[in-house]
Amino acid sequence: MADTAAPDPARRVAELRERIENANHRYHVLDDPDIPDIEYDRLMRELESLEAEHPQLADPDSPTRRIGASPSRTFAEVRHEIPMLSLGNAFSDDEVRDFERRIEERLELRDPMFSVEPKFDGLAISLRYEDGAFVRGATRGDGASGEEVTANLRVVKSVPLRLRGTDWPRVLEVRGEIYMPRAAFERYNAQARDQGGKVLANPRNGAAGSLRQLDPRVTAARPLAFFAYALGVVEGSAMPDTHSATLARLRDWGFPVSNLVETARGVDGCLDYYRRIGERRDTLPFDIDGVVYKLDDLAGQRELGFVGRTPRWAIAHKFPAQEQATRLLAIDINIGRTGAATPTARLEPVQVGGVVVTNATLHNADQVARLDVRIDDTVIVRRAGDVIPEVVRVVPEHRPPTSVPWQMPSHCPVCGSELVREAGEVVWRCSGELVCPAQRKEAVFHFAARRAMDIEGLGERLIEDLCDLDFVRSVADLYALSLDDFVEMKRRADARDGTTPETAKAGKVATKWAENLVDAIERSRATTLERFLYALGIEHVGESTAKALATWFGALERIRHLPWPLLKLVPDIGGEVARSIGHFFEQAGNQQVIDDLLARGVRLGDEHAVSVKLAKVLTLGNVLENIEIPKLTHKRAQQLAEAFSDAHALAAASHEQLVGAGLPADTAAAMIAWREDPANARLLMDSIEALNRFREMLQDAGTAASAPAPLDGQTVVLTGTLVALTREEAKAKLEALGAKVAGSVSKKTRFVVAGSEAGSKLDKARELGVEVWDEQRLLAFLDAPE
DNA sequence: ATGCCTCGAGTTCA
DNA sequence: CTCGAGGCAT
């Protein structure tokens with residue numbers, strides 16, 4: 001059979017490629033091999049040697065290339081022109097019935113046909129074909145954009161490199177699931193164990209991890225497979241009008257489509273399918289976590305549309321979350337940044353849904369009481385729909401007779417300070433504040449976080465060591481650390497742990513990590529007021545509040561010594577938040593830390609003048625109202641402010657003068673009595689001084705200040721997927737024009753920008769009669785704001 | 001007082 | 001991501 005003459009290498013190469021791809025298709029897609037492995041290997045070797053002899057015949061789509069190209073540095077981002085969906089979940093028959101009833105009502109029909117399929121437990125991807133050739137593959141990512149993993153997908157044998165047949169569209173995107181068959185997973189792990197390699201936790205993580213390999217040759221060694229189940233962009237040719245026919249067409253083109261896919265009529269057909277698949281679940285060659293029902297008729301799908309990012313025409317019917325019984329070994333207390341004491345269950349390690357679970361949060365003392373979880377209990381652990389393990393309940397039969405209800409300890413396990421609970425609050429907190437090492441560590445961790453000071457490389461372990469070995473007592477100490485300090489710290493940590501110092505092994509050159517850290521710390525010195533305020537870790541001050549403080553007051557000095565009741569002048573800052581900020585700045589220790597940070601070179605590059613927005617709310621009446629003088633209502637405060645042109649005169653006014661200004665006698669008396677307290681008198685004076693100071697600044701800054709931003713004070717909402725801009729970019733640009741970008745639509749919303757696949761927010765906007773813009777209009781507006 | 005809406009805080013594992 | 005609670009409008 002061998003053509004020893006080999007007259008035309010090009011023709012032979014083409015022939016070999018075709019035969020090998022056919023064999024691949026029969027083997028990997030149809031699961032029906034037509035030639036023995038030995039024959040396949042022989043063809044492959046022949047092709048390899050021909051390609052080596054005749055480099056001009058090389059082709060990136062040759063089957064020999066499936067073994068993998070050389071490593072790439074990182075993954076590029078790929079935007080999905082048509083976003084990749086997430087599905088709504090149903091956990092009960094009733095939820096499926098609701099789903100079906102909604103479709104029947106909206107489309108006014110009975111018992112529609114559904115395409116029903118297993119829900120593969122793998123990794124969703126999108127494959128792009130142009131003129132029949134595979135050109136790009138990407139992970140689902142967040143649905144709007146994912147990572148470009150073309151090289152890794154090329155080595156997956158059931159991914160066609162070229163489409164079969166001829167009638168395919170010019171551009172075709174096929175969506176589906178990459179998964180690792182169970183047998184292949186077992187085989188891989190057995191081998192890995194033998195060779196002392198890394199064992200994969202479960203097939204799903206195996207698939208996900210394999211695709212994210214930077215080196216496709218590693219991916220090639222992992223046994224991955226693919227199932228197609230949906231379309232993305234299609235250009236240049238008509239497609240069938242049902243989902244099931246679409247899948248059949250994909251099959252013809254060479255895509256693997258699971259043979260468990262069926263059609264079913266109405267809810268009964270769906271539920272029947274669910275049960276049949278459920279029975280077979282354990283014997284299937286791959287993991288599934290439920291089944292998916294999709295309305296088969298594509299016109300009906302279009303009519304139904306989306307709610308948010310999930311389609312109304314499809315739903316995932318999940319199998320019950322996997323539950324496991326295990327022993328609860330202990331309940332530890334975790335102390336967070338704010339001192340919150342969170343009970344955590346330490347569990348006998350147990351496999352739940354494929355991963356080993358050893359910890360599960362118990363949320364708070366009330367939750368522990370509700371479940372009546374006790375040490376040594378046998379508990380049921382579940383990895384609910386998503387990932388995070390939770391304790392569902394106790395198995396009372398297995399409870400040891402001597403067990404006693406668990407109680408929140410009275411003192412912090414870390415620093416020994418008392419644990420206290422505010423009236424009406426659920427959480428217990430460590431009262432140690434600055435002295436509690438746990439809180440200090442968390443504070444440093446928060447400070448260094450990406451969204452705060454963004455000190456790259458300063459992670460949990462390092463912070464732990466720095467704090468434990470006393471190199472860092474406050475965040476300001478970070479800025480006094482030298483290269484030698486880091487090296488010395490590492491030496492002591494190694495000595496403490498009895499580990500062999502890497503520095504000793506490799507000589508003194510192994511300090512690159514320390515150099516990087518010193519650099520990272522240096523870089524973080526240049527920051528913004530907003531990030532700095534957030535980094536301080538003041539309770540109730542997250543990114544959004546930090547930003548508000550920064551824009552309204554413009555400079556740290558104006559905030560850190562402000563009588564805290566005045567913070568309430570800023571919208572969205574109320575009593576609780578203002579008090580918390582005040583409490584923070586009242587502590588000398590915190591002020592010292594800020595002084596140290598500034599002295600050690602932290603620079604707030606964006607400090608600016610007070611916002612003119614303050615002028616509107618900065619009135620004597622508002623100030624009086626916000627410092628909460630007893631009996632002084634909003635109306636009375638405004639009235640009083642009208643009567644006194646000189647704020648200082650008001651602060652010193654006698655009972656008679658107050659009554660003269662129109663205040664009822666008892667209100668005046670209450671104010672005088674309140675003022676007797678030196679602390680209150682002081683607050684009044686300080687507030688008035690701050691008021692006058694800001695007024696002057698506002699005048700100096702010039703009332704001629706810039707015209708108000710076009711969208712000043714207006715709220716806009718983004719929904720759906722934008723094409724030209726990312727959501728972040730759009731948000732930044734709108735904010736630059738003075739807008740506030742909110743997450744949900746209300747009557748106050750000025751307009752909603754709706755990208756493609758816009759969902760419930762768009763519905764809501766229409767319902768409330770809020771103006772809706774498309775992306776074009778937004779772009780035009782950003783280009784030339786009116 | 002009541003009911004949205006948004007923001008903050010906390011959490012698991014690879 | 002989910003829950004709770006703070007802020008604000010009704």
Side-chain angles (χ1 to χ4, degrees), chain A residues 86 89 123 142-143 198-213 308-309 332-347 349-367 370 381-391 421-429 438-439 442-443 445-446 449 451-452 460 533-549 567-581 617 626 634 715 717 740-749 760-761 764 768:
Chain A
S86 55
N89 290 319
L123 188 75
D142 61 5
K198 254 208 272 176
V199 179
L200 306 173
N202 58 47
R204 189 162 85 96
N205 291 352
S210 303
L211 264 201
R212 298 203 72 260
Q213 291 298 323
R309 239 190 353 215
D332 286 354
I333 299 296
N334 208 299
I335 303 292
R337 169 169 67 85
T338 62
T342 312
T344 311
R346 303 280 168 227
L347 306 166
V350 62
Q351 284 262 344
V352 188
V355 302
V356 179
V357 170
T358 53
N359 299 320
T361 177
L362 293 165
H363 296 113
N364 54 55
D366 285 10
Q367 172 78 354
R370 230 182 343 261
V381 179
R382 169 171 69 186
R383 293 213 314 151
D386 29 37
V387 210
I388 299 185
E390 59 178 352
V391 173
R421 168 145 81 165
E422 297 273 315
E425 284 230 319
V426 179
V427 295
W428 289 80
R429 291 197 143 82
Q439 288 186 61
E442 291 297 332
F445 190 66
H446 173 83
R451 307 167 91 100
E460 205 152 12
L533 287 168
Y534 174 61
L536 291 176
I538 304 168
E539 204 179 340
H540 294 133
V541 178
E543 283 177 289
S544 172
T545 308
K547 178 172 205 152
L549 289 169
L567 294 168
K568 288 186 280 182
L569 293 170
V570 177
D572 299 331
I573 296 184
E576 200 63 32
V577 176
R579 196 176 352 264
S580 163
I581 299 170
V617 293
N626 277 317
H634 168 78
T715 305
V717 174
K740 185 170 166 181
V741 178
S744 59
V745 181
S746 68
K747 283 187 299 186
K748 301 183 309 177
T749 310
S760 62
K761 286 188 235 177
K764 182 97 186 246
L768 296 174

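Fair warning: this is a prediction, and the values are worked out from it, not measured in the lab. Just so it is clear: chains get the letters A, B, ... in the order the sequence lines come, proteins before strands, and each one is counted from 1.
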With a 4.5 Å heavy-atom cut-off, do [X] and [Y] have their side chains touching?
X	Y	value
A:T545	A:I573	yes
A:D332	A:P343	no
A:D572	A:V577	no

Heavy atoms from other residues, nucleotides or ligands near CZ of A:R421 exceed 12 (cutoff 6.0 Å): yes
Report the nucleotide, chosen from [options], that has the shortest atom-to-atom distance to any side-chain atom of [X].
X	options	answer
A:S544	B:dG8, B:dA9, B:dT11	B:dG8
A:R337	B:dA9, B:dT12, C:dC8	B:dA9
A:T358	B:dC13, B:dT11, B:dA9	B:dC13
A:P571	B:dT11, C:dC8, B:dC13	C:dC8

Residue whose nearest DNA chain B nucleotide is more 5′ - A:G339 or A:D572: A:D572
Sugar-phosphate only, base, or nothing, as touched by A:A340 at under 4.0 Å among non-hydrogen atoms: sugar-phosphate
Any side-chain N or O of [X] under 4.0 Å from OP1/OP2 of [N]?
X	N	answer
A:T342	B:dT11	yes
A:N359	B:dC13	yes
A:T338	B:dG10	yes

Value rounded to 0.5 Å, distance of CD in A:E576 from CD in A:E539: 8.5 Å
Atom pair distance, as rounded to whole Å: [atom1] in [X] and [atom2] in [N]:
X	N	atom1	atom2	answer
A:I581	B:dC7	CD1	C1'	13 Å
A:H540	B:dG10	NE2	C1'	13 Å
A:E390	C:dC1	CD	P	17 Å
A:Y534	B:dG8	OH	C1'	9 Å
A:L362	B:dT12	CG	P	10 Å
A:Q367	C:dC3	CD	P	11 Å
A:D366	C:dC3	CG	P	16 Å
A:N364	C:dA5	CG	C1'	13 Å

